[in-house]
Amino acid sequence: MDTVIVQLPEPRPQARPGGRPAPIGGRPGPSGGRSAPPGRPALLHLGPGEVAQFGRGEPGRPLAIPLADQGVSRRAGEITAAEDYWRLSNFSVSATYVVENLEGAGEHVKVAPGRLGAPVPFEFSRVLLPALGEPAAFKVFAPQHAYLEGETVVDEGELTVSPFALDPTSKYFLVLLALCEPRLRSPSAAAVPGVTDVLARLRALPSCQGLTRSAVNYHIDYLVATKLRLREAPEEIADDAARSGGKREELVALALRFDLVREEHLALLPPRRVG
């Protein structure tokens, strides 16, 4: 059975009296392992059922996953390895922890104060805790998930119809991809591109050299009404710009939520200009 692997945060040197940093030694883990040599990340391996606590620790009693920031509790929480996933417990009475999917476009799980054993389904994760400086963080790698091979064959009944049948070779898919690109590249990106931005992004493609604003708007409406079947913007929104912006926001949110547009699709776009 593969183990859950925790990449420990880089230790922060503690100042000695007189301003000189104290030397940093290896950190023991639950299984007796120690830190990696300088320049290589320290790893902690947990088998199914094993537990590792994280936080500042107490003098002379460090935790398996040390987080030195003064804004982090001494015993902030713990992770427990399961089969091909892991669980997180939040011991804080006020702070919410966030687990980011390092392979997702902004996908994350919030673990509320006092929550015990919250399952984390991601293979590659980063745990973020509020801190006085930068957010305290460490990474967790779960075993590779198992997937069903092939399709389940049913001899009787009607065939299943795909709810989102998108053609990656079509222009409407390129428009959707251009709308999703900022959040695919940076999950924290807030703004969804406007029609002018989409037009400028796609014009470098030979198939899109004749693309116009009207055509981009047509493809957006086609995605909204036919391919993804989103609800129309409320009638009380009289501002056409606001209504159009709402459509784009909903398209991006739905496409990223169900992985209709993924990071590997970015290769369909022209290279970005540097500078």
Side-chain angles (χ1 to χ4, degrees), residues 1-14 24-36 40-147 187-188 256-257 259:
M1 174 67 193
D2 292 334
T3 59
V4 170
I5 301 173
V6 180
Q7 182 177 319
L8 301 178
E10 290 295 323
R12 298 178 183 178
Q14 302 295 322
I24 299 172
R27 293 189 297 261
S31 303
R34 305 191 76 82
S35 297
R40 297 179 59 184
L43 303 178
L44 180 66
H45 294 257
L46 301 174
E50 289 191 308
V51 174
Q53 293 192 349
F54 56 89
R56 286 189 3 254
E58 300 176 9
R61 299 175 61 184
L63 299 183
I65 307 172
L67 302 171
D69 192 281
Q70 284 292 117
V72 175
S73 301
R74 295 188 184 278
R75 286 179 67 249
E78 69 180 21
I79 68 171
T80 304
E83 295 298 322
D84 61 352
Y85 69 100
W86 52 282
R87 300 190 299 270
L88 187 145
S89 295
N90 181 350
F91 295 161
S92 173
V93 297
S94 60
T96 294
Y97 303 160
V98 176
V99 184
E100 294 180 332
N101 181 6
L102 294 177
E103 293 185 305
E107 189 178 14
H108 65 276
V109 171
K110 293 182 180 180
V111 182
R115 174 74 160 92
L116 301 178
V120 178
F122 312 138
E123 289 187 46
F124 303 101
S125 309
R126 176 167 47 229
V127 181
L128 297 172
L129 284 71
L132 295 182
E134 296 181 357
F138 58 93
K139 296 177 182 178
V140 182
F141 306 97
Q144 185 174 7
H145 295 171
Y147 293 93
S188 61
L256 296 182
R257 184 180 302 127
D259 284 340

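The basis for the numbers below is simple: all heavy atoms, side chains too, and nothing from hydrogens, waters or symmetry mates.
- Rounding to the nearest 0.5 Å places OG of Ser125 at 9.5 Å from CD of Glu107.
- Distance alone, capped at 3.5 Å, places no donor-acceptor pair between the Arg115 side chain and the Asn90 backbone.
- Atom-to-atom distance recorded for Gln144:CD and Glu123:CD is 6.0 Å, nearest 0.5 angstrom.
- Residues satisfying the side-chain contact (heavy atoms from CB on, under 4.5 Å) test with Ser73, not counting sequence neighbours, are Ala76.
- Counting heavy atoms from C-beta outward, Pro135 and Leu129 have side chains that stay 4.5 Å or more apart.
- For residues 86-99, there are no salt bridge (Lys or Arg N to Asp or Glu O under 4.0 Å) pairs, not counting sequence neighbours.
- Remark: the backbone N or O of Gly117 is paired with a side-chain donor or acceptor of Ser89 at under 3.5 angstrom.
- Nearest heavy-atom pair, Ala136 versus Ala131, reported as atom, atom and distance to 0.1 Å: N-CB, 3.7 Å.
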Working for side-chain contact (heavy atoms from CB on, under 4.5 Å), residues Ile65 and Leu44: CA-CA 8 Å; Ile65 307 172; Leu44 180 66; 4.1 Å; yes
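- Residues satisfying the side chain to side chain donor-acceptor pair (under 3.5 Å) criterion with Arg75, sequence neighbours excluded, are Gln53.
- Closest approach of Pro121 to Val109, counting heavy atoms only: CD-CG2, 4.4 Å.
- What you find for Pro66 and Pro9 is that their closest heavy atoms are O-CG, 3.2 Å.
- Judged as a ring pair (Phe, Tyr, Trp, His ring centres under 6.0 Å), and not counting sequence neighbours, Phe91 has no contacts.
- No donor-acceptor distance shorter than 3.5 angstrom exists from the side chain of Asp84 to the backbone of Pro143, with no hydrogens or angles considered.
- For the residue pair Pro59 and Arg74, the shortest heavy atom distance occurs at CD-NH1, 4.1 Å.
- Looking at every heavy atom in both residues, Gly47 comes nearest to Ala81 through O-CB, 3.2 Å.
- Side chains of Val140 and Val99 form no contact here, defined as non-hydrogen atoms less than 4.5 Å apart.
- Residues Thr3 and Leu46 fail the side-chain proximity criterion, which asks for heavy atoms closer than 4.5 Å.
- In this structure Phe138 satisfies the ring pair (Phe, Tyr, Trp, His ring centres under 6.0 Å) test together with Phe54, sequence neighbours excluded.
- Rounded to the nearest 0.5 angstrom, His45 NE2 and Phe141 CZ are separated by 11.0 Å.
- Side-chain contact check for Thr96 versus Pro130: every heavy-atom pair is 4.5 Å or farther apart.
- Scanning for side-chain contact (heavy atoms from CB on, under 4.5 Å) contacts around Arg126 gives Glu100, Leu102, Leu128, Ala137, Lys139, with sequence neighbours left out.
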